[in-house]
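All remarks here apply to the structure that follows.
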Amino acid sequence: MCIVFFFEKGLAKVLSNLYKTVSEPKNHHYIPQSYLRNFSKESKGEYYVYVRFHGEKFYRTNIRNICSENYFYSIPDAAEDKKNIVEKYYADHIDSLFPEITEVITNDNISRIDLITRRKIITAALSLYFRTPKFLNAHNKHLSKVIELLKNYSLGKTEIHTIEFLGRKIDVKNVDFEKLEEDTFKQNKIVFLKQHFEIFNAFVDFKLNDGIGVKKIVDDSEFITSDNPLIIRNQSGELSNLFHPENSILLPINNKYLLMISPKSDTFLSNTFHRIEGRFKSVFVINVDVEEKSEKWIIGSEKSVLNHITDQIKYNEPTEANEKLVTDSDEKVKLLGELDEVLEKNNNKITDEFIVKIKALNNHELFKDDGNIIKTMKNLREQGYDI
């Protein structure tokens, strides 16, 4: 069944018609093994990665053993033939996309993609934001605090017996707080499983025509990933609004390739499949973000995770060289932003002002031997520009 058709209809209605009898394994992977294989080494048909769980030491393990919870997608109190339809949908319609989109993203000869491929890439990538337990767990923690405050309130010297709690009246003098928390978490999970598809659908449609970029790492650096690998950020560095038009979306696809879904303001990337090169600095920044946004698991090859630890120790030291690294990175972002502004101001046309800017970057010490500037200069010469 086409992904487009599924997302255009209500979750409960479509899923109930899709599967009359559904029997699924109890161990539900919220980060698909088809994605985790991109960071693994194969041995006798099994796939192994190096991981760190809850800040412990890194160790080697099978991808079957990570990023999963028993019955995570099972709908509480649903009929047996409907209980695992969410898990089956992800397994049948989303997880199978990752090998396909990985082949496209890592093929350096592909520079244009059709709408179907574009939708598959964006759908697969964005699923890694909506399907993880991080936000369900965060909401549960918030609800726990609310219930604890309610409990403390009920034990005080109040004559009030009933109050409003999440849309219903409860007797605070006689309530079983353990049962209240259990029921609240169950209801929260039902809401999560049903409503996240609606937001997922809307977000895929919102990002469908954005620019898609691919960064290939051309030195020895390697990306890591996690149990919450999708990075969404804007110029402020914080995600305050999921649907903000200037949000950038970044996802490590494997150790060497990064998928980038550009902001809507980057009109020169719209409807393209843009490829650039990256090196250590790019990897270091992304890996720090990946770890900061993780819930429990840090994942990668032995080389990538060990380098990640070493790099953080080295570059977090308050040395003059590290301060220069930060300053240089900020300056590069500023200069590239000015170049983008020139393009946008002139409706993405190559003007004399743009030629002056790109020449200046080509001669700038910070862009010495920068593969992307070299490639841009070469393309402009091939198009007949005098640079």
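In this text, all values refer to a predicted model and were calculated from it rather than measured experimentally. This chain uses plain numbering: 1 for the first residue, then up along the sequence.
- Although no hydrogens or angles enter the test, the distance criterion places no donor-acceptor pair under 3.5 Å between the side chain of Ser294 and the main chain of Lys296.
- His28 places no side-chain N or O within 3.5 Å of a backbone atom of Asn70 that could act as its donor or acceptor partner.
- Counting only residues at least two apart or on different chains, the salt bridge (charged side-chain N to carboxylate O under 4.0 Å, His left out) pairs with a member in residues 28-48 are Glu46-Arg64.
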side-chain contact (heavy atoms from CB on, under 4.5 Å) between Lys83 and Ser74, worked out:
CA-CA 5 Å; Lys83 186 176 290 290; Ser74 296; 3.8 Å; yes

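- Hydrophobic clustering (ILVMFWY, side-chain heavy atoms < 4.5 Å, transitive): Ile101 and Ile110 are in one cluster.
- Judged purely by distance below 3.5 Å, without hydrogens or angles, the side chains of Tyr89 and Asn84 never pair a donor atom with an acceptor atom.
- Between Tyr90 and the choices Tyr30, Phe197, Phe98, the ring pair (Phe, Tyr, Trp, His ring centres under 6.0 Å) rule is met once, by Phe197.
- The cationic atom of Arg60 (NZ for Lys, CZ for Arg) does not lie both less than 6.0 Å from the six-membered ring centre of Tyr50 and within 45° of the ring axis.
- A side-chain donor-acceptor contact under 3.5 Å links Asn287 to the backbone of Glu222.
- Remark: the Thr102 side chain and the Tyr35 side chain contain no N/O donor-acceptor pair separated by less than 3.5 Å.
- A salt bridge links Lys378 with Glu382; the closest basic N to acidic carboxylate O contact falls under 4.0 Å.
- Electrostatic pairing of Arg131 and Asp95 counts as a salt bridge here, judged by a charged N lying under 4.0 Å from a carboxylate O.
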Quick one, Asp220 with Lys256, criterion salt bridge (Lys or Arg N to Asp or Glu O under 4.0 Å). Give me CA distance, side-chain angles, the key distance, then yes/no.
CA-CA 9 Å; Asp220 292 335; Lys256 290 292 187 181; 5.3 Å; no

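- Remark: the Ser282 side chain and the Lys215 side chain contain an N/O donor-acceptor pair separated by less than 3.5 Å.
- The same ILVMFWY cluster, assembled from side-chain heavy atoms under 4.5 Å apart, contains both Leu208 and Ile232.
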Start with the C-alpha gap between Glu291 and His308, add the side-chain angles, then the distance that decides, and say whether side chain to side chain donor-acceptor pair (under 3.5 Å) holds.
CA-CA 10 Å; Glu291 178 165 14; His308 174 60; 2.6 Å; yes

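- A side-chain donor from one of Thr117 and Asp114 sits under 3.5 Å from a side-chain acceptor of the other.
- Using modelled atom types, one side-chain atom of Ser127 and one backbone atom of Ala124 make a donor-acceptor pair closer than 3.5 Å.
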